[in-house]
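To keep things clear, I will list the structure first and then write my remarks on it.
Naming: A, B, ... by sequence-line order, numbering from 1 per chain.
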Number of protein chains: 2
Amino acid sequence: MALPTETERAFHAHDHSHCLHEGLARAEELARARGLRLTPVRRRTLEILLREHRALGAYEVLEHLAADGFGRQPPVAYRALDFLVANGFAHRIQRLNAFTACAHPGEDHQAVFLICRECQSVAEAPLDGPRDAVEAASDALGFRLERVSIEALGLCPQCAQAA
Amino acid sequence: MALPTETERAFHAHDHSHCLHEGLARAEELARARGLRLTPVRRRTLEILLREHRALGAYEVLEHLAADGFGRQPPVAYRALDFLVANGFAHRIQRLNAFTACAHPGEDHQAVFLICRECQSVAEAPLDGPRDAVEAASDALGFRLERVSIEALGLCPQCAQAA
DNA sequence: GTTAATATGTTATACTATAACCGTCAAGGA
DNA sequence: TCCTTGACGGTTATAGTATAACATATTAAC
C-alpha cells in the first residue's frame, strides 16, 4: 500500500505537529500573497483548529483564546472564525455548529466532510463529481448556484471498530 | 417542453392547495400503512410546512401552532418536527436551522436541497450520483457511512432575476 | 502626522434547542 | 370492566449558539 494521503491520515495516528506547522506556514504564505491580515487572534485561532482533526464549537475555541490572553467574549471567536472561513483557511461544519481547519487551503476544491458522530473527528475528502451533478441540476431549474456543502455522518474507523 | 416536474414547480408559481392536499393525503396513507400516529399537532405541523416551499424555523412553526390553539412552548414544535423528520415527512435544512416538507415521502431517496439565500425557498432535487461517490470515498477510508446531506446555496430563478 | 479603515475588545441581547416534570389518553392484558 | 402501561402534549426552566451595537486601539495610506 502506498503512503497514506492527507485525507487518510485524518482518521489515523500521525504527527500532529507536522499538520500544525505545515498548516500555519501555508496560511502565512497565502495571507501574504493575497494581502490578508493574519493577525495574532486569527493565527492563534487557526492554530487551535489545526491542533485537532476535529470540529470545535465557537465557544470551545473561545475558551482556548481566553486562556491565551485574548478576549473572552463570543464575538472574538466568531470574528476570527468568520475570517478563516471567508478566506478558505477553515470550514464550518453545519451539522455540528462547529469549525475545522481546511486541509487544502488555497486550492479551490470541492470537498465532502466525513463526520464521526462519536468522536467528532472530521476528514475532508476532495470530491468533484457531486459538484458537477448539482450544477447540472441547478442549471436545469434556473437556480443560480453559489456554494455546495456535502456532509456525511457516520463512524470513523476507530469508533466503528469500538462499536 | 414537457410538463414541469415537481422539482421544477418548486421555483415557480403553481397551485399550492394541490401540494397541500396531495401532501397531506400521502402522509395520512403512509402513516396508516406504517402504524405511525399522525396526531393533530403533527398533522398541523406538516400542513404548515406544506403550505410554503420554504424552510421555516422551529419558532416560526411554533407561532402558527400557538395561533391554532396548540401549545406555545418550544418543545411542542420541536417534537412535532422531530417526528416528521424521523419518519421522512420533512427534512431539516442545516444551513438555515430550519425545516421543510419532504417532496417525496416514503420513496427512500437521496436529494440535494437548492436553497435560495434571498427568499428561503427550497427545492428538493433527487440526485443519486453524489451519494455513490461519497460511499466510495468512505469505503476507501474505512469510514462507516450512515447519512449524507447535500445543500446548495444560491439564488432561485425569481431572486436571480431581481438581482 | 493626520486621517480613514480595519481590527479587537466590551456589554447586552437574540435566536436555537433540550432537559425534566406532569397530566391525559388510548391500547392491551388481567 | 378495570388497571396498567406507554406514548403524547403541555408546562417551566435552562443550555447552547450567534449577533447587534458601541468604544478603543491599531494599521495603512496619504
Side-chain angles (χ1 to χ4, degrees), chain A residues 27-28 31-49 54-87 89-100 115 117 120 151, chain B residues 27 31-32 34-49 54-87 89-100 115 117 120 151:
Chain A
E28 300 269 17
R32 204 165 338 138
R34 297 188 190 161
L36 299 171
R37 292 167 60 182
L38 193 59
T39 60
V41 216
R42 292 168 175 176
R43 195 190 135 96
R44 181 73 185 107
T45 301
L46 178 57
E47 209 174 329
I48 289 164
L49 293 180
R54 197 167 74 81
L56 295 179
Y59 281 73
E60 214 169 343
V61 169
L62 182 57
E63 277 175 35
H64 286 279
L65 289 174
D68 289 351
F70 294 100
R72 49 185 60 257
Q73 303 304 323
V76 172
Y78 280 103
R79 281 196 288 234
L81 290 166
D82 286 349
F83 169 86
L84 295 176
V85 169
N87 293 289
F89 297 123
H91 297 285
R92 179 187 208 108
I93 307 297
Q94 303 283 349
R95 178 172 290 271
L96 302 176
N97 291 321
F99 302 83
T100 188
I115 307 163
R117 63 172 164 76
Q120 261 76 57
E151 298 182 359
Chain B
R32 204 164 342 143
R34 297 187 190 161
L36 299 171
R37 293 170 59 184
L38 192 58
T39 60
V41 216
R42 291 169 176 175
R43 194 190 135 95
R44 182 73 185 108
T45 300
L46 179 57
E47 208 175 330
I48 290 164
L49 293 180
R54 196 167 75 81
L56 294 180
Y59 282 73
E60 214 170 343
V61 169
L62 182 57
E63 277 176 36
H64 287 279
L65 289 175
D68 289 352
F70 294 100
R72 50 184 60 258
Q73 302 305 324
V76 172
Y78 280 104
R79 281 194 290 233
L81 290 166
D82 287 348
F83 169 86
L84 295 176
V85 170
N87 293 290
F89 297 122
H91 297 285
R92 176 186 211 108
I93 306 297
Q94 302 284 348
R95 177 173 291 271
L96 301 176
N97 292 322
F99 302 83
T100 189
I115 307 163
R117 64 172 163 75
Q120 263 76 59
E151 297 183 358

Heavy-atom pair of closest approach, residues [X] and [Y]:
X	Y	result
B/Leu96	B/Ala55	CD1-CB, 3.9 Å
B/Ala90	B/Leu49	CB-CD1, 3.9 Å
A/Glu151	A/Arg95	OE1-N, 3.0 Å
B/Phe99	B/Ala58	CE1-CB, 4.2 Å

Calculate the interatomic distance between [X] atom [atom1] and [N] atom [atom2]; express it in whole Å.
X	N	atom1	atom2	answer
B/Gln73	C/dC21	CD	C1'	14 Å
A/Arg37	D/dA29	CZ	C1'	12 Å
A/Leu84	C/dT8	CG	P	11 Å
B/Tyr78	D/dA15	OH	C1'	12 Å
A/Arg42	D/dT27	CZ	C1'	12 Å
B/Asn97	C/dT18	CG	C1'	14 Å
B/Leu96	C/dC15	CG	P	16 Å
A/Leu38	C/dT6	CG	C1'	15 Å

Q: Answer with base, sugar-phosphate or nothing: what part of the nucleic acid does B/Arg72 contact at a heavy-atom distance below 4.0 Å?
A: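 Result for B/Arg72 = sugar-phosphate.
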[X], nearest nucleotide to its side chain (from [options]):
X	options	value
B/Val76	C/dA7, D/dT19, D/dG10	D/dG10
A/Arg79	C/dT10, C/dT18, C/dA20	C/dT10
B/Pro74	D/dA7, C/dT10, C/dA17	C/dA17

Q. Is the shortest heavy-atom distance from the side chain of B/Tyr78 to the side chain of B/Phe83 under 4.5 Å?
A.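 With C-beta onward as the side chain, the pair stays apart.
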(Q) When you measure from the side-chain N and O atoms of A/Arg92 to the phosphate of D/dA18, is any distance below 4.0 Å, counting only OP1 and OP2? (A)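 The answer is yes; a side-chain N or O of A/Arg92 sits under 4.0 Å from OP1 or OP2.
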**Q.** Contacting residues from residues 56-65 of chain A, given that a heavy atom lies under 4.0 angstrom of DNA chain C
**A.**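 Output list: empty, so none.
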Q | Sidechain-backbone polar pair: B/Arg44 side chain, B/Leu65 backbone, donor-acceptor under 3.5 Å | A |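 No; zero donor-acceptor contacts below 3.5 Å.
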Q) Would the number of heavy atoms belonging to other residues, nucleotides or ligands and lying under 6.0 Å from CZ of A/Arg72 be above 12? A)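 Result for CZ/A/Arg72: open.
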